[in-house]
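Working notes, beginning with the structure itself.
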There are 2 protein chains.
Amino acid sequence: MLRLGPLAAAGRLLPAGPRFGPPRPSGGRVSLSRSRPPGPVGDRGLLARQVRAAAGSAGGGRSPVLKTPKGTRDHPPAHAALRDRLLAAVVTCFKRHGAAAIDTPVLELRETLMGKYGEDTKLIYELQDQGGELLALRYDLTVPFARYLAMNKITNMKRYHVAKVYRRDNPATTRGRYREFYQCDFDIAGQFDPMIPDAECLKIVHEILSDLQLGDFLIKVNDRRILDGMFAVCGVPDSKFRTICSSVDKLDKIPWEEVRSEMVGEKGLSPEAADHIGDYVQLHGGLDLIEQLLQDPKLSQNKLAKEGLGDMKLLFEYLTLFGITGKISFDLSLARGLDYYTGVIFEAVLLQPENDHVEEPVSVGSVAGGGRYDGLVGMFDPKGRKVPCVGVSIGIERIFSILEQRVEASEEKIRTTETQVLVASAQKKLLEERLKLISELWNAGIKAEVLYKKNPKLLNQLQYCEDTGIPLVAIVGEQELKDGVVKLRVVATREEVNVRRESLVEEIRMRTSRP
Amino acid sequence: MLRLGPLAAAGRLLPAGPRFGPPRPSGGRVSLSRSRPPGPVGDRGLLARQVRAAAGSAGGGRSPVLKTPKGTRDHPPAHAALRDRLLAAVVTCFKRHGAAAIDTPVLELRETLMGKYGEDTKLIYELQDQGGELLALRYDLTVPFARYLAMNKITNMKRYHVAKVYRRDNPATTRGRYREFYQCDFDIAGQFDPMIPDAECLKIVHEILSDLQLGDFLIKVNDRRILDGMFAVCGVPDSKFRTICSSVDKLDKIPWEEVRSEMVGEKGLSPEAADHIGDYVQLHGGLDLIEQLLQDPKLSQNKLAKEGLGDMKLLFEYLTLFGITGKISFDLSLARGLDYYTGVIFEAVLLQPENDHVEEPVSVGSVAGGGRYDGLVGMFDPKGRKVPCVGVSIGIERIFSILEQRVEASEEKIRTTETQVLVASAQKKLLEERLKLISELWNAGIKAEVLYKKNPKLLNQLQYCEDTGIPLVAIVGEQELKDGVVKLRVVATREEVNVRRESLVEEIRMRTSRP
């Protein structure tokens, strides 16, 4: 809970509208600084300023309509640029592993999504019945992928999909939890020899989290069959497997005692069974633990658990070949909320959020998760034909929160445009000449801008370059026009050279190519 | 209306379910070929096959749930790859003109969208009231941009935004009209000297349509002030300006006689006024026509029309400097449907859809449109402060339809993955060695795949490369392991060389770098 200052608290008692003094937070939220001084077009600004302006959903505050929906946000240029960089890093990894891109609609038939997400089904956004089909916004990219495979009778595919999903969750925007957010998914569909695709998914998580240099991380791994076997030997009735699994899933947020009382009090599990589960879910380790549980007198008698443990052992062997077991933990408390998992499940958490530069490090929780879902495609196939699948989803929004904080703290300036040259003039009445020149540059593929003024001052044109990070200025003047040259100025050094007009494109390219 | 064959018609009378014979169209649609032979992971296939499989919304046909919502579609890999290429071309142009990227939510408050789209407001998708705010899906990117500017008090900005928008329109999917589709928008906000940003928007349309080589095109230009002035001098009452404007907007789809009878019959305009409008809306031309109308005894007396014509003249002067008037037509019948335009409006149409290779060329209609909307931001500002804006939207889906047909007709194979090398083995029991090697390659940034089989046949591994376009195979074998080498095979030429393991990464890079 945020504590509200007196102004914010009082603000809720006043009628909405612009008449009542200074802007104040709407909806009981403490608003961040929102005002933004008018700058020139493309003002580079600080990420800090832009992101602050867009943070949370509260907007102008003065007018009730001036906001984005609860739990959503705009991405201003500096933020969008950072996000594009991050998404590019993730997609690079997915392509490195041979995945093809697909895209599916944001809208799905309501019935496509129902019965796939367990208790989370209530978080699905539904569209109004406006006549015609009953629609909903996708909750993840996995169910649409399974629907796509079944609909097109595809039995083999390695694909990635980067797109927004929607959850009517309680947003915790400071921790990077939004109602609209990007998911970056990589999935392997097909009948293959066991645990090879599963191991590749874990390798991908390891690569991405290492590449992004987010600090130390841990990938927890478990298997739904081990969980189910464990529930069975602990005396949980079959009918309660899924709901008890949901309770176990909360162990990363609430302590065992609370989970236990939910199991016994709300879900009617016997105290003995709960305690028995409690013994197991505190276990975590590596190959040793797997070997130990394979010898466990009760678990080893359970067919499902034995299968799961056997595969877990194989998985660890492959992960050893990949050299990544150092960051992998077999953890019996990992359950994952979604209904559709059938085998291996995993979740990556950051151990020490990068906090060298920030005072209050954000707690971001899980930054990647996934698992095997061998039954989901069959739910869509009229004959129930199964296509085994395993996949991973990168929690890109939470990683954003960390990178945002880091960039903000470092006061790094992010250029939001790629303009190479500003076409300027030193005298009046040269708009036509500026337009003629910039047209030549655009046609040659040069990224160029011009101020939208008939007679801008040279100083203002140079200042615009300083503000937006444009490295070069091409200056036209009466004399230069007569001489058939353009004066090219390097903004950083103030160096000026006359370049023959026919060589200008080449000169700009040369001076702005990356070293 | 589609005519249904006997099977399809009969099919509607039978209960749904897989038991009743062959697949049949659902919902009275004639379904396209949907079956797709199972292929290896990443099957390159033909775009034709993939696109056909995803065309329209009808899916399996056997099960009513197996489809995407009406008017939406999946994008299979070959399609997604083509789309990414197209979007990249558009974004390159936007960046060439110095725009920064922003992103806004797909969801907006319902009230943000209301009263902005005239008669099209009924096409907005609304979300169910699930408690909390009343939400809708964005109808375009322009209104969210205006909301963003007002909310953040930004008075100067040049931005682009490429994202999906939603319209509950009657889909005509063969012509590239969908209910979910990409818009690619470029907008310039700010108070500047007249017509310079407007001219840049037209230059951008010209550049993009030229770059994409879609065949001949024409950009029609008009001005809302000229239209309003024309309505005034024709005797249209002020209160009917917008609705008569909507009628004029239909002139590209239905003949004048029908538009006239709508004006007179449905909208209560006098026949004389309608005929008067009829005289004007058949006019189109260039600077000559502008000069002629500036001399028109009635129009020249109307303040709005005079302003509009004066600016149109200035616009044509700038377009002349840009060298693009050859494809621009000042056209008095152009009206544009949306309420928010206040000045210049424009729309680009393809004159001869590329039809060298296709039997029935798609008629795609408008492929770009835009205009000036000086009042929209003020509608969101509590004090009504205006931020003048002008922008352009590229109709990317319609352009897709053309490119799709072209690729399909040419049987061009589009690679959907970028994998550089397949790690293979010639003997059994080498899975561990394959995994060790591929892990090294991934860590070095090489795009590599491995078949998920313990003991795949070499022939199958080579076939996989043929199918998916992977250019190289790195083969591990007992002897190679002993010798510290890997056999590198070039798929196209079948050439094989032994490469020392420590040089393998460099060798793959060298052989797969673009010439």
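Because the structure is predicted, anything quoted here is derived from the model rather than measured. Residue numbers begin at 1 in each chain, while the letters A, B, ... track the order of the sequences.
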Inset, instruction - Heavy-atom distances under 4.5 Å only: say whether A:L441 touches chain B with side chain, backbone, both or neither. - result: neither
Legend entry - B:R179, part contacting chain A, at a heavy-atom distance under 4.5 Å: neither
Inset, instruction - Side chain from CB out, backbone as N, CA, C, O: work out which of these in A:Q130 comes under 4.5 Å of a heavy atom of chain B, or both, or neither. - result: both
Inset, instruction - Run through B:T104, B:L149, B:I102, B:D103 and flag the one making a side chain to side chain contact (heavy atoms under 4.5 Å, CB included) with B:P144. - result: B:T104
Legend entry - Cationic N near anionic O, under 4.0 Å, B:E440 to B:K436: no
Legend entry - chain A interface, residue from B:L127, B:T419, B:L422 that has the most non-hydrogen pairs under 4.5 Å: B:L127
Inset, instruction - State whether the side chain of B:R73 and the backbone N or O of B:T68 hold a donor-acceptor pair below 3.5 Å, judged by distance alone. - result: no
Inset, instruction - Give a yes or no on whether the backbone of A:K447 and the side-chain of A:Q420 come within a donor-acceptor separation of less than 3.5 Å. - result: yes
Legend entry - Donor-acceptor under 3.5 Å (B:R385 side chain, B:K153 main chain): no
Inset, instruction - Under 4.5 Å, counting heavy-atom pairs only, tell me which of B:P197, B:C93, B:S210, B:A80 racks up the most with chain A. - result: B:P197
Legend entry - Toward chain B, the part of A:E126 with a non-hydrogen atom under 4.5 Å: both
Inset, instruction - Under 4.5 Å heavy-atom distance to chain B, tell me which part of A:R110 shows up: side chain, backbone, both or neither. - result: neither
Inset, instruction - Please state whether the side chain, the backbone, both or neither of A:K95 comes within less than 4.5 Å of a heavy atom of chain B. - result: both
Inset, instruction - Examine whether an atom of A:K453 lies under 4.5 Å from a heavy atom of chain B, and if so say whether it belongs to the side chain, the backbone or both; otherwise answer neither. - result: both
Inset, instruction - Indicate the atoms forming the closest heavy-atom contact of A:L107 with B:E180, along with that distance. - result: N-OE2, 4.3 Å
Legend entry - Side chain / backbone / both / neither for A:I470 at chain B, heavy atoms under 4.5 Å: neither
Inset, instruction - Among A:K454, A:M195, A:E200, A:R83, single out the residue with the greatest number of heavy-atom pairs under 4.5 Å to chain B. - result: A:E200
Inset, instruction - Under 4.5 Å heavy-atom distance to chain B, tell me which part of A:R159 shows up: side chain, backbone, both or neither. - result: neither
Inset, instruction - Under 4.5 Å heavy-atom distance to chain A, tell me which part of B:I324 shows up: side chain, backbone, both or neither. - result: neither
Inset, instruction - Scan A:K70, A:R168, A:K67 and name whichever one has a salt bridge (charged side-chain N to carboxylate O under 4.0 Å, His left out) with B:E133. - result: A:K67
Inset, instruction - Say whether, by atom type as modelled, one donor and one acceptor occur between the side chain of A:W442 and the main chain of A:A448 under 3.5 angstrom. - result: yes
Inset, instruction - For B:R147 and A:L66, indicate whether the former's side chain and the latter's backbone hold a donor-acceptor pair under 3.5 Å. - result: no
Inset, instruction - Search all heavy atoms of A:S439 against all heavy atoms of B:K203 and return the closest pair with its distance. - result: OG-CE, 3.4 Å
Inset, instruction - With a 4.5 angstrom heavy-atom cut-off, could you sort out which part of A:A99 is near chain B: side chain, backbone, both or neither? - result: backbone
Inset, instruction - Please answer whether the main-chain N or O of A:L321 pairs with a side-chain N or O of B:E432 as donor and acceptor at a distance below 3.5 Å. - result: no
Inset, instruction - Name the member of B:T320, B:D129, B:L431 that forms the most heavy-atom pairs with chain A at distances under 4.5 Å. - result: B:L431
Legend entry - Proximity breakdown for A:L135 and chain B, heavy-atom pairs closer than 4.5 Å: side chain
Legend entry - Which portion of A:I124 sits near chain B, non-hydrogen atoms under 4.5 angstrom: backbone
